[in-house]
Amino acid sequence: MAYWLMKSEPDESSIDDLVKAKKQTTAWFGVRNYQARNYMRDQMRLGDGVLFYHSSCEVPGIAGIAKVASKPYPDASQFDRKSEYYDPKSTREEPRWQLVDVAFDKKFDRVVSLEELKQHADELEGFTLLNRGNRLSVFPVDKKHYDQVLKLEKGK
DNA sequence: GCCAACGTTGGC
DNA sequence: GCCAACGTTGGC
């Protein structure tokens, strides 16, 4: 089983939205970066753990945990002319963008903020989120870092 | 295939 | 709103 971090702007889709969603599951639409897509398309497996990260908000940080809940399939928004994620270069025959569904697992009692994570940079050595200039919205996380985040959330 | 210009991400 | 970092585009 692998672990991932997936970023979302809470204005757009937050951990609370996932709680309220039908079957507590959502399609992770709108990723338009090839590297992020490739992780979803080629490497994610059902049941993989996902750190749900809130970005571009008052307190950026990890808000909870989700699980990969589907195999990859085409992102419908790429075909929707009215969507901000519409991609005129994509076709139904050869869709460019793939996504997975993500299911709610757990909301943290408190957001483990980016600031707090930075304060624990020693234990989190190598955690991609803390790398300089990291902008990727989907990337793999080592189990040790995943576990460390859970420990931090519990105040250990 | 290089690389300058431009666009986007995302923290601050 | 600023801007560093980095991805993408397009001319050559």
Side-chain angles (χ1 to χ4, degrees), chain A residues 2-21 26-44 48-68 72-102 104-142 144-146 148-153 155:
Chain A
Y3 299 90
W4 307 91
L5 184 143
M6 298 175 85
K7 296 180 185 172
S8 178
E9 299 188 14
D11 289 349
E12 207 117 340
S13 177
S14 69
I15 189 92
D16 290 320
D17 294 327
L18 187 55
V19 171
K20 289 181 233 152
T26 190
W28 205 266
F29 65 93
V31 169
R32 294 294 178 269
N33 171 283
Y34 289 105
Q35 206 179 338
R37 179 206 64 182
N38 291 348
Y39 284 135
M40 290 197 286
R41 187 189 64 183
D42 305 334
Q43 294 191 35
M44 284 192 181
D48 280 358
V50 174
L51 296 174
F52 195 119
Y53 183 85
H54 285 174
S55 67
S56 295
C57 56
E58 198 170 342
V59 183
I62 297 164
I65 298 172
K67 284 191 179 303
V68 174
Y73 63 96
D75 179 341
S77 67
Q78 69 194 307
F79 307 122
D80 178 1
R81 288 176 180 278
K82 281 175 268 177
S83 169
E84 63 175 305
Y85 299 113
Y86 176 63
D87 184 347
K89 291 177 187 166
S90 189
T91 64
R92 293 198 181 262
E93 293 69 34
E94 280 186 73
R96 181 175 298 199
W97 305 108
Q98 304 265 122
L99 52 68
V100 295
D101 289 345
V102 157
F104 176 75
D105 187 355
K106 177 173 176 234
K107 182 182 174 179
F108 285 170
D109 292 333
R110 62 191 190 85
V111 172
V112 179
S113 69
L114 179 61
E115 186 185 11
E116 182 177 353
L117 293 165
K118 284 178 176 170
Q119 285 165 4
H120 292 84
D122 286 349
E123 301 106 283
L124 292 169
E125 174 75 42
F127 185 25
T128 302
L129 183 69
L130 301 181
N131 287 354
R132 184 168 142 273
N134 164 62
R135 301 190 309 170
L136 204 54
S137 64
V138 176
F139 55 82
V141 174
D142 290 349
K144 63 181 176 184
H145 295 142
Y146 181 90
Q148 187 69 33
V149 169
L150 300 199
K151 276 170 73 179
L152 277 179
E153 192 255 335

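Convention: sequence-line order gives letters A, B, ...; per-chain numbering from 1. None of the values given here were measured: they were computed from a predicted structure.
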query = Can you tell me if Ser14(A) and Asp16(A) form a side-chain donor-acceptor pair at under 3.5 Å?
reply =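 Absent: no donor and acceptor within the cut-off.
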For the pair made of [atom1] in [X] and [atom2] in [N], what is the distance, rounded to whole Å?
X         : N       : atom1 : atom2 : result
Ile62(A)  : dG11(B) : CD1   : P     : 12 Å
His54(A)  : dT9(B)  : NE2   : C1'   : 17 Å
Gln35(A)  : dG7(C)  : CD    : P     : 7 Å
Asn38(A)  : dG7(C)  : CG    : P     : 13 Å
Asp11(A)  : dT9(B)  : CG    : C1'   : 15 Å
Tyr34(A)  : dT9(B)  : OH    : P     : 14 Å
Leu130(A) : dA5(C)  : CG    : C1'   : 16 Å
Asn33(A)  : dG7(C)  : CG    : C1'   : 7 Å

Mark yes when over 12 heavy atoms from residues, nucleotides or ligands other than [X] sit less than 6.0 Å from its [atom1]; otherwise mark no.
X         : atom1 : value
Asp109(A) : CG    : no
Lys107(A) : NZ    : no
Lys144(A) : NZ    : no

Under 4.0 Å from OP1 or OP2 of [N]: is there any side-chain N or O of [X] that close?
X         : N       : value
Lys7(A)   : dG10(B) : yes
Tyr53(A)  : dG11(B) : yes
Lys118(A) : dC12(B) : yes
Arg132(A) : dA5(C)  : yes

task = Just say parallel, tilted or perpendicular for the rings of Phe52(A) and Trp28(A), cut-offs at 30° and 60°.
result =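 The rings of Phe52(A) and Trp28(A) stand perpendicular, inter-plane angle above 60°.
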query = Where the side chain of Leu114(A) is defined as all heavy atoms beyond and including C-beta, which of dG10(B), dT8(B), dG11(B) is the nearest nucleotide?
reply =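 Closest nucleotide among those given: dG11(B).
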message = What's the closest nucleotide to the side chain of Pro60(A) if the choices are dT9(C), dG10(B), dG11(B)?
response =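 Given the options dT9(C), dG10(B), dG11(B), the side chain of Pro60(A) is closest to dG11(B).
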task = Go through the N and O atoms of the side chain of Arg135(A) and the base of dT8(B), and report whether any donor-acceptor pair is under 3.5 Å.
result =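 Such a pair is found, so the answer is yes.
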